[in-house]
Every structure is written in C-alpha cells, then in structure tokens.
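These notes concern the structure reproduced below.
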2 protein chains.
Amino acid sequence: MATIKDVAGAAGVSVATVSRVLNDNGYVHEDTRTKVMLAMKKLNYYPNEVARSLYKRESRLIGLLLPDITNPFFPQLARGAEDELQREGYRLIIGNSDEELEKELDYLQTFKQNQVAGILAATNYPDLPEYSGSFYPVVFLDRTKEGAPSVFSDGRAGGKIAAEEMLRGGSKCITLVKGPDHLPTAQERFSGALDVLQNADAQFQVMSAASFSLNDAAALAEELFAAYPETDGVIASNDIAAAAVLHEALRLGKKVPQDIQIIGYDDIPQSRLLFPPLSTVRQPAYEMGKEAANLLLHMIKKEPLTETAIQMPVTFIKRQTTRKDDDHE
Amino acid sequence: MATIKDVAGAAGVSVATVSRVLNDNGYVHEDTRTKVMLAMKKLNYYPNEVARSLYKRESRLIGLLLPDITNPFFPQLARGAEDELQREGYRLIIGNSDEELEKELDYLQTFKQNQVAGILAATNYPDLPEYSGSFYPVVFLDRTKEGAPSVFSDGRAGGKIAAEEMLRGGSKCITLVKGPDHLPTAQERFSGALDVLQNADAQFQVMSAASFSLNDAAALAEELFAAYPETDGVIASNDIAAAAVLHEALRLGKKVPQDIQIIGYDDIPQSRLLFPPLSTVRQPAYEMGKEAANLLLHMIKKEPLTETAIQMPVTFIKRQTTRKDDDHE
DNA sequence: TTGAAAGCGTTACCAA
DNA sequence: TTGGTAACGCTTTCAA
C-alpha cells in the first residue's frame, strides 16, 4: 500500500504538503495541489487510518454494544446507527454482551484500546464508571440514564396503549406478561399497562418472563394457558413472546382474535407475517439507531446539544390479533 | 490513559523491557517482571491497540461484510463469527452492503485503511480484485469462489431434500419458488429441487422471487395463489418467503398441511414460532460463522490449511407444515 | 538481562 | 506557500 511518503516522492513535494492537500487545510498552491492529487490517483493512495488515529488519539470507529444481535429488535437499531454513521465516515465495531457484565466490560476495554470516537450502548449497566469517565462520548440506546445522552422510546405510553387497545377490544380476563426484571424498558411498558388495567373494569393477572429468548417465550406461552385457561387477552412483553402466545393459542384451537386478543411489543419485521398478523406497539428501532448515531456525532464534534435525552414516540399497529371496537362478543 | 512510558517510569525501567513483559518475549528478570506488572496494575495500563497496529501493520480487527443484518439469517452468521474471533482477541468491524457494489467497495476500502487482519465476506462479487489482492486474508461466507477459502452449506442437497420431502408428503401440484437470480446460493437450492421435481411424478411450476425482502415475499405469496390456485405444495426460497406463503394460504382459508404443504429454507429462529411451525431445511448459520472465523484465524496465523472450502451439512427440520408419510389425502 | 533508538504513517508546529 | 521535524504509543533490532 502506498504511503504518504510515496505520494510526496512521486509529486516532488514534502509529506507536509501532501498532508495539507489531503486534509484540505493550510495553504497550498493550486498547481502543486493538482500535482499531488495526480500522484495520489496514480499510486491509488488512501491514507492509513491507523496512523491517523494514533496521532489524533481518536479513530473513526464507534463501539456499538448490544445485548444480542440475534434478537430481531437489535439489527434494526444497528442498521439505523450504521447508515447514519456511515455518511460521516465512521464505522462500527460491534459487541454482543449477552447481558453479561464481564463481556460488556471486555468490549468496553477494547473499544477504548482502539481509541473509538464514541460508544453507542444498549446496556443494562449504565452506571458503570466506564461510561462516566470522559474517555469517549457515550449515547445510551434503548436505555436511559439520568442526565446522560440517550435515545429511547416511551415505554410507559407503549404499555398504556397496549392495555387500552386490549380493553377497547373487549377482553375481560387479561394476562399481562411482565418482561425480565433487570430490563428497565420491559418494566416501563409493564407498569404503563398495569396502571391502565388497575383502573379498568377488567380482571387481569400477571406472568413473568425470565428472558426474551425464544425458548423461554415458548415455555411461558404454555404455562400461561395452563395457569389461566380462561384468558381472553394477552399483553405480551415483546413480539417474540406474542408470537409464542399466538402459536400456543392457535395450537389449543382458540380463534384469534375472536376468542383471545394478543398484543405484542416492538413491531419486529416478522410480526406482520404471522397469521393472523400481529397487532403490536411499534418502537421505531431504525430511527432510534439513527437518532442515537446523530446525537453521538454531535458530541464527537463537540457541538452544543439542544436535547440530550431523546424520547421517540411509540405507535399502535393495529393488525389482526385484536378486535375492532364494535367487535365485542 | 497511561502509556507504556508511564509504566516504564513507574517501574524504573525502559519501555523496551515493559514491552517485553507485555508480549512475554525476550529475556526479562523475574524481579523486574514483577516490578513492571505491579506498575501496570497500579496505573491500570492497557496497551494502545492503535499504536500496536501501526507498527505491526495489522490490527486485531476483522471486517465482516454482510448483505443486510436485518435479514434474520445473517445475525446468526455474525454471532458465530464474533464468538469465535472474540476468544482470540479479534473484534468485528461490520458493514452492510445491501448487495450494492458501491457500498461493498467502500467498506472494503475502509477495512483496508484500518489494516484489518482479515475479512469475512458474504458477497455477491467474489471476483472483485479487492478479494484477490494479498492485502489481507479473505474467507467467503455463505458464498463460494473457485479455489478460495470459503464456508457454505450444501445448497443442492438442501433443495433436493426439500423436494423429496414435498413429494413424500404427497403434493401433486407443487410451486417451486426460485430466489433472486444474482444469488448463487438461491440458485443452487433451486436447481437441487428442480432436479428432483423433474424426475418425479408430479406437476410443478416455477415462480421467481425478486428479493428476499419481506415486502417482495408478501407480494409473491399473493401472486402465487392467484396464478396457481390449485397449488398443494410450496417449496419456498427461504423462511421469509415461506412465512409469507403460509400467511397467505391461511388467509385464503387453506388448511396447512392438509390442503397444502410448505417448506422453507434456512431455519431462522422465528420459524418454529409460526403456526403451524414451519418445516424447513436448516442451514447451520451459527456454526458456519464459527467455521469461517476459524478458517480465517488459521490464515491470519499463517498456519497450513487442510481444507479451504468447507461445506456444511444441511438438514430437514420436520415441523408441521408438511405431512407425514402416510398422511396423504 | 537491559536500554537506546529507529521506525510504523500520519499531522501540525515552526521556520524558511 | 512550502519543508523539516517532533510527536502519537508501540515493537524490535542492536549494543552494551
């Protein structure tokens, strides 16, 4: 690979002037500029990012920390971030933590060692000192932290909407599925729904999901109908859980949405391909990724921030696992 | 962040000896080693990867090029690779090409500028000069290239299995969905199935899918039943398409698998949550990612390779969108 | 067994 | 408007 020296040699100038044309700063005569550009073209020169990073003490890499890219919600977040970052010349180093502290710390460590320009973190441990040190800017993604830059959606509102729609459809014996205790986002949507249900004229019960994994979702769905066979409405903790519940309901011969309504959360792409297509509360994952990337970009450029905590709106996607208003039995 | 100089200062030795203990090479007295280790601990020192990379002209970063992480098949590939690379201290820089040449070249370029140690590429353009230059080792993932290291699964066998199972279930009017023309993997599974169908006592027709996107899949499913209402078996190009077909079949009031059998391809995690759970041909995506990472690791270490083209086995996952042997109408 | 110093490819300061 | 050179943090000769 050609270096700046080669270019300087070929153009008959010093590396300093090559650097100047490269970065478009300082004075450089028009003639020598073209000479240099020609040489660069001829040698197919591209600057070594590693050398740049070393000098600048900052690379054009962004660390993206995710619980698990295998969960369909996160790839969208990642894509949103990537597409945004891309345009400014930043790339992503990705790390899946599996929600394990050790893995997370390990990734954080290597992010630092690679002099990342910033970090996008969907973490369960926002209070880690690693996130408050001023090594690099951090934006929390799908998570909040008091006073820290973050992008998330309105979980309480989402939970409320789900419960309201469930009631509107006329369910009288609702099972509310509570997501993993350690996930604040899961708790928020849960408590939003709980509030509504508690003040409503409907019977309801709560079940707890151990995780968002497929296996746990399937197990939960079975338990749910075993424990509460009279359930005629399920507010699931996310779309995966909802799919599992839908699956189990159909397996038991129930008609959806006539016998039982089901509402998911997230609106992952696959949800519309379920049958019946899943009614769900949509989080704008791709846009959240974009917003977070944007915020981070501003921080990296040390531009003043107007807002530091960006809350994205949540919307109800009415498909066919819920009934119409006038569809009550 | 503490540097090697700080450590040297604190330990009262030269940076050279710190480097020696760091890399565990060359002679260093036991006493001075402990002195140095103590200093490192005290200063919470971790070597700057960027500086290392610059000197070594190789970073501990691996470029991972994917069509689209949003397609559920790829996150698994990525996780497999990540988990394997992780153990040897390598991290992933990720790039989604959307199958666009320009984006791909752009990522390849920046991978090089970041001096990646190697590249894992799920590319449609394996013949690009970028892949044959000897800048960095490359392993093709889910793709083949004559004589080049690659990890893929046996598409023809997969297609055959799908067709055989379809026939075994007794379908007589089969629609075979052909995936995008530009995807060799899609063509292979297609031609495998085609071979079987052509030599069988069954009527069949072919439909072409423009892409693997959800929207196209949904549109295709509608067209399929409009064009071939008598279809009693669909061999889909992948699980997304199969989900769409299943969806449409149920919407039309068909019984699955009694009226129509459906077979997918890939076995993405969500497929078992469909109802009825999808019968499909499984590609071991996670393992493929692992194998590819492993192969690449060997190449990076310049270890001799026994095999360079690794073909992974494909298996039929019998769930409930296909009939039993004796289940014929 | 240790240290001095060159070099990896840039950028930026200071002189010219 | 240009060039020389120190510096970024590390590794690796080469000498001592």
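Computed over heavy atoms, backbone and side chain alike; hydrogens, waters and symmetry mates excluded. Everything quoted here is computed from the prediction, not taken from an experiment. Within every chain, numbering begins at 1; the chains are lettered A, B, ... in the order of the sequence lines, protein sequences first and strands thereafter.
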Run the side-chain contact (heavy atoms from CB on, under 4.5 Å) check on A/Arg91 and A/Arg60 step by step: do they pass?
CA-CA 6 Å; A/Arg91 306 288 125 133; A/Arg60 282 164 165 288; over 6 Å; no
From [atom1] of [X] over to [atom2] of [N], roughly how many Å is that when rounded to an integer?
X	N	atom1	atom2	answer
A/Lys5	D/dG3	NZ	P	15 Å
A/Arg60	C/dG9	CZ	P	20 Å
B/Arg20	D/dC10	CZ	P	15 Å
B/Ile4	D/dA7	CD1	P	18 Å
A/Asp31	D/dT1	CG	C1'	12 Å
B/Tyr46	D/dG9	OH	P	18 Å
A/Leu54	C/dA12	CG	C1'	14 Å
A/Met1	C/dC8	CE	P	14 Å

Has [X] got a side-chain N or O lying under 4.0 Å from the OP1 or OP2 atom of [N]?
X	N	answer
B/Tyr27	D/dT12	no
B/Thr17	C/dG3	yes
A/Arg52	C/dT11	yes
A/Asn48	C/dC8	no
A/Tyr55	C/dC13	no

Base, sugar-phosphate, or nothing: which does [X] touch, judged by heavy atoms less than 4.0 Å apart?
X	result
A/Val50	nothing
A/Ser53	nothing
B/Thr3	sugar-phosphate

So which nucleotide from [options] ends up closest to the side chain of [X]?
X	options	result
A/Ala16	C/dG3, C/dT1, D/dG3	D/dG3
A/Ser14	D/dG3, C/dC8, C/dG3	D/dG3
B/Asn23	D/dT11, C/dC8, D/dC10	D/dT11

Distance-only donor-acceptor test (3.5 Å): side chain B/Arg57, base C/dG7:
no
Output yes when A/Glu49 and B/Lys112 qualify as a salt bridge under the 4.0 Å nitrogen-oxygen rule, no when they do not.
no
Of B/Gly12 and B/Lys56, whose closest DNA chain C nucleotide lies nearer the 5' terminus?
B/Gly12
Would A/Phe212 and A/Asn71 count as a side-chain contact (heavy atoms from CB on, under 4.5 Å) here? Give the steps.
CA-CA 8 Å; A/Phe212 277 157; A/Asn71 174 333; 4.2 Å; yes
A/Tyr107 versus A/Ser97: any side-chain heavy-atom pair under 4.5 Å?
no
Strictly distance-based, threshold 3.5 Å: is any side-chain N or O of B/Tyr90 a donor or acceptor partner for the main-chain N or O of B/Ala293?
no
Begin with the C-alpha distance, continue with both residues' side-chain angles, and end with the deciding distance and a verdict on side-chain hydrogen bond (donor to acceptor under 3.5 Å, both in side chains) for B/Ser153 and B/Gln311.
CA-CA 5 Å; B/Ser153 71; B/Gln311 190 179 60; over 6 Å; no
